[in-house]
Amino acid sequence: MADHDSTTRPLNFIEQIVEADNASGKWGGRVHTRFPPEPNGYLHIGHAKSICLNYGLAKNYGGKFNLRFDDTNPAKEEQEYVDAIKEDVLWLGADFRPNSPHGGGLFLASDYFEQMYSFALELIRKGKAYVCDLSAEEVAARRGKPGIPATSPFRDRPTEESLRLIAEMKDGRHPNGSKSVRARIDLASPNFNLRDPVMYRILHESHHNTGTKWCIYPMYDWAHGFEDSLEGITHSICTLEFEDHRPLYDWFINAVNEGRTPDGSGPYGKIIHHAQQIEFAKFRPTYTVLSKRNLLKMVTDGVVKGWDDPRMPTIRGMRRRGYTPESIRTLMEEVGVTKVESFIDIGRLENAIRNDLNKKAPRRMAVLRPLKVVIENYPDNQVEHFDAQNNPEDPAAGTRKVPFSKVLYIERDDFMENPPKKFFRLAPGTEVRFRWAYFLKCTGVVKNDAGEVVEVRCTYDPATKGGDAPDGRKVKGTIHWVSAAHAIDAEVRLFDRLFTAEEPGKRTGNYMDDLNPNSLEVVHAKLEPSLAGSPGGASYQFERMGYFHVDQDSTPAHLVFNRTVTLKDTWAKVASQG
RNA sequence: UGGCCGAUGGUGUAACGGUAGCACAGCAGAUUUUGGUUCUGUUUGUCCAGGUUCGAAUCCUGGUCGGCCAGCCA
């Protein structure tokens, strides 16, 4: 039976359908889902919901999950995307490979072209499809309106003639757009999808899988139901905008099945499988865009540096930024599955990765915007090594040594010459704890000609070694630091939201108008020496600053970190409220 | 304008004719060598109008608002 990750969560409406089907024996207890992307772009966080949903169903109900490329339009599709999508789906943990527990396999819609073509011939013979000579423009012009039927002068073309013409189309004897194959359904249907939809268009175009074999290519609506049918998909899950298409898929399958029998006797053979389509609402985060067209434009316009720019909502972008598959899966579990179109606060994504990394990421000290501190009463050439906990959430993570000396760097924001009330950090006359080291008291500052503080002077209390005062006195603040002589340099990329509006483009109609000009800030940070040689892909918490991920650009000689997300910052909130 | 779909706190989501619950965010407090984490408490909700019923978020009717559809895209 069901084996849910979170046993307490109530069933979503699709799980309820699956359980009802299992109870009624509709599919013999079988659950077989699929993720059917078109290989014409990179996957984004919206796709992740579909992947998690489909794979999760297969996993929780002991079923199978297929990855299937819906590659019916060679004009838009490329092998590069096929490879990238496979990688991203696997990274998310949805293992479609046949040797994995829930892997149903990898499929290409284009491998079914021959079978689909024979279904098309069957429909023509049954009088349910015909070849139409109208151009795309003419079809559009004759589409009709609500209440006004569409028209086609070729609707009653004799079967034999349609059969001959579709063969000619297939053989490449007709130019692009000169003819199409249409289903004979209902030119007056209030559902425009049923007004004799096009099944095949002529496209003299090379296909990433079938090469130049075909000159006609099936339309999505014609193809999709058969893809599910041929793979034995039980629950064909898609997004809301395809609800209007469901009657069409059903019509196609039923049309093929007309005259077919369960045992295959009769002129047409065996009944083919008819999957149940279920529609759910997309995942739409605030403060970003998701459509391939819009994402592509940001890449080509150079607004971002590529599909894998850490600011992009693509799987690759999020991965590079430091998001984990677990955090994305948990998020999808939390937001649920419904038919209600809604926005997901982007804060939920940030929260999801914080929660995950809080448990896993080793703590380190790194100063993003350095300010020099000199300890007046600390011996000039002395160096001490303090034990620092790697992760307070996980004592088993152990400790490391951090060097301490007379000259340190602290965060610029951790010092204020004229601090407001409730500022618990360093200021003239105040005492704070330098994490894992000593209590330090600020005795003065050094300024440059412009009047800016360039150095903070302090004294330390040797009795507070390790960070505790034997006399029991308390300090309000604890700040991070690095020893100037031991610090290593790193480039740190601080990312912010790509857009400043919840719904980019809502205001002016152009989403580019809402771009956040400050979505990337690069700083040159000082890190504690244990971070030297950090391996690519590692994630750390820089204490008090956030979670940081070693970028693919990073080398031992030039470390590069991406800020995945900041820590929650109560002080920032207080400070901004004045 | 025709068809399809939807509407529950700020956000997301439960309830399947019988006490409107959970999560996130917010707020308040406790703990804390990260203004992090954790813990406790807490503010806030059934689109509207009728009807059925002992009883309606749930069923019915009408309306309002929102989304989708009129590609030889998927």
Side-chain angles (χ1 to χ4, degrees), chain A residues 8-12 16 36-38 40-41 70-73 75-77 132 134-140 143-148 150 176-182 189-195 197-203 216-217 219-221 223-224 238-247 279 281 286 292 334-345 347-348 351-352 354-355 358-359 363 365 388-389 391-393 422-425 432-437 439 464 466-468 474-480 541-546 566-575:
Chain A
T8 52
R9 177 173 65 75
L11 264 29
N12 65 49
Q16 290 180 19
E38 182 188 18
N40 70 342
D70 212 326
D71 53 355
T72 57
N73 187 351
K76 295 186 171 180
E77 297 150 8
C132 179
L134 256 23
S135 70
E137 296 70 35
E138 289 168 322
V139 170
R143 181 75 61 191
K145 292 205 158 44
I148 303 170
N176 284 0
S178 60
K179 288 182 176 6
S180 65
V181 179
R182 292 228 256 164
S189 175
N191 181 349
F192 278 61
N193 294 128
L194 300 179
R195 312 250 273 213
V198 171
M199 294 157 56
Y200 282 96
R201 75 285 219 184
I202 302 172
L203 241 36
I216 58 173
Y217 289 92
M219 297 289 291
Y220 172 88
D221 282 338
H224 201 83
C238 64
T239 46
L240 253 25
E241 69 267 30
F242 292 103
E243 275 181 311
D244 283 346
H245 298 237
R246 179 159 25 97
E279 307 87 8
T286 54
K292 281 174 191 161
E334 282 170 0
V335 300
V337 180
T338 66
K339 299 189 70 155
V340 185
E341 297 213 43
S342 51
F343 279 101
I344 304 297
D345 189 331
R348 298 283 293 247
N351 215 41
R354 272 190 204 107
N355 286 340
N358 177 48
K359 293 188 278 301
R363 272 56 171 173
M365 291 197 286
Q389 229 184 329
N391 189 346
E393 300 298 307
K422 300 238 181 122
F423 184 81
F424 303 149
R425 284 110 98 143
V432 302
R433 172 164 43 232
F434 277 43
R435 191 143 160 96
W436 310 119
F439 286 7
T464 60
D468 276 312
K474 301 285 183 196
V475 287
K476 290 285 261 185
T478 300
I479 65 175
H480 62 280
Q541 184 195 105
F542 290 173
E543 295 218 30
R544 304 203 308 131
M545 302 311 289
T566 60
L567 257 30
K568 278 199 210 162
D569 190 346
T570 311
W571 167 244
K573 198 161 34 180
V574 173

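Naming convention: chains lettered A, B, ... in sequence-line order (proteins, then strands); numbering from 1 in each chain. Keep in mind that what you see is a predicted model, and the values were worked out from it rather than measured.
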Short heteroatom pairs, N/O only, protein and nucleotides 23-25 of chain B, under 3.5 Å:
residue	atom	partner	partner atom	Å
C24(B)	O3'	Asn351(A)	ND2	3.2
A25(B)	OP1	Lys568(A)	NZ	2.9

Nucleotide N/O of nucleotides 39-46 of chain B paired with protein N/O under 3.5 Å:
none

Protein-nucleotides 63-66 of chain B N/O pairs under 3.5 Å:
none

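Partners of Glu138(A) under the side-chain hydrogen bond (donor to acceptor under 3.5 Å, both in side chains) rule, at least two apart in sequence or in another chain, are Ser135(A). Scanning for salt bridge (charged side-chain N to carboxylate O under 4.0 Å, His left out) contacts around Arg348(A) gives an empty result, with sequence neighbours left out.
Thr338(A) has no side-chain polar atom (N or O) that falls below the 4.0 Å cut-off from OP1 or OP2 of G12(B). For Gln389(A), no side-chain nitrogen or oxygen approaches OP1 or OP2 of U32(B) to under 4.0 Å.
U58(B) sits 27 Å from C68(B) when the P atoms are compared, rounded to a whole Å. To the nearest whole angstrom, the two C1' atoms, one in G71(B) and one in C65(B), are 29 Å apart.
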Exercise for the section: Let me see the working for Glu38(A) and Lys76(A) under salt bridge (Lys or Arg N to Asp or Glu O under 4.0 Å), right down to the final yes or no. Expected result: CA-CA 9 Å; Glu38(A) 182 188 18; Lys76(A) 295 186 171 180; 5.6 Å; no

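The pairing partner recorded for U13(B) is G21(B), the criterion being a Watson-Crick or G-U wobble arrangement whose two distances lie under 3.5 angstrom.
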Practice task
Using a 4.0 Å heavy-atom cut-off, write out nucleotides 69-74 of chain B from 5' to 3' as B (base contacted by protein), S (sugar-phosphate only) or - (no contact).
Solution key: SB-BSB

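Checked by distance alone, Glu393(A) brings a side-chain donor or acceptor within 3.5 Å of a matching partner on the base of G36(B).
Note: Phe423(A) and Trp571(A) have perpendicular aromatic rings, judged against thresholds of 30 and 60 degrees for the angle between ring planes.
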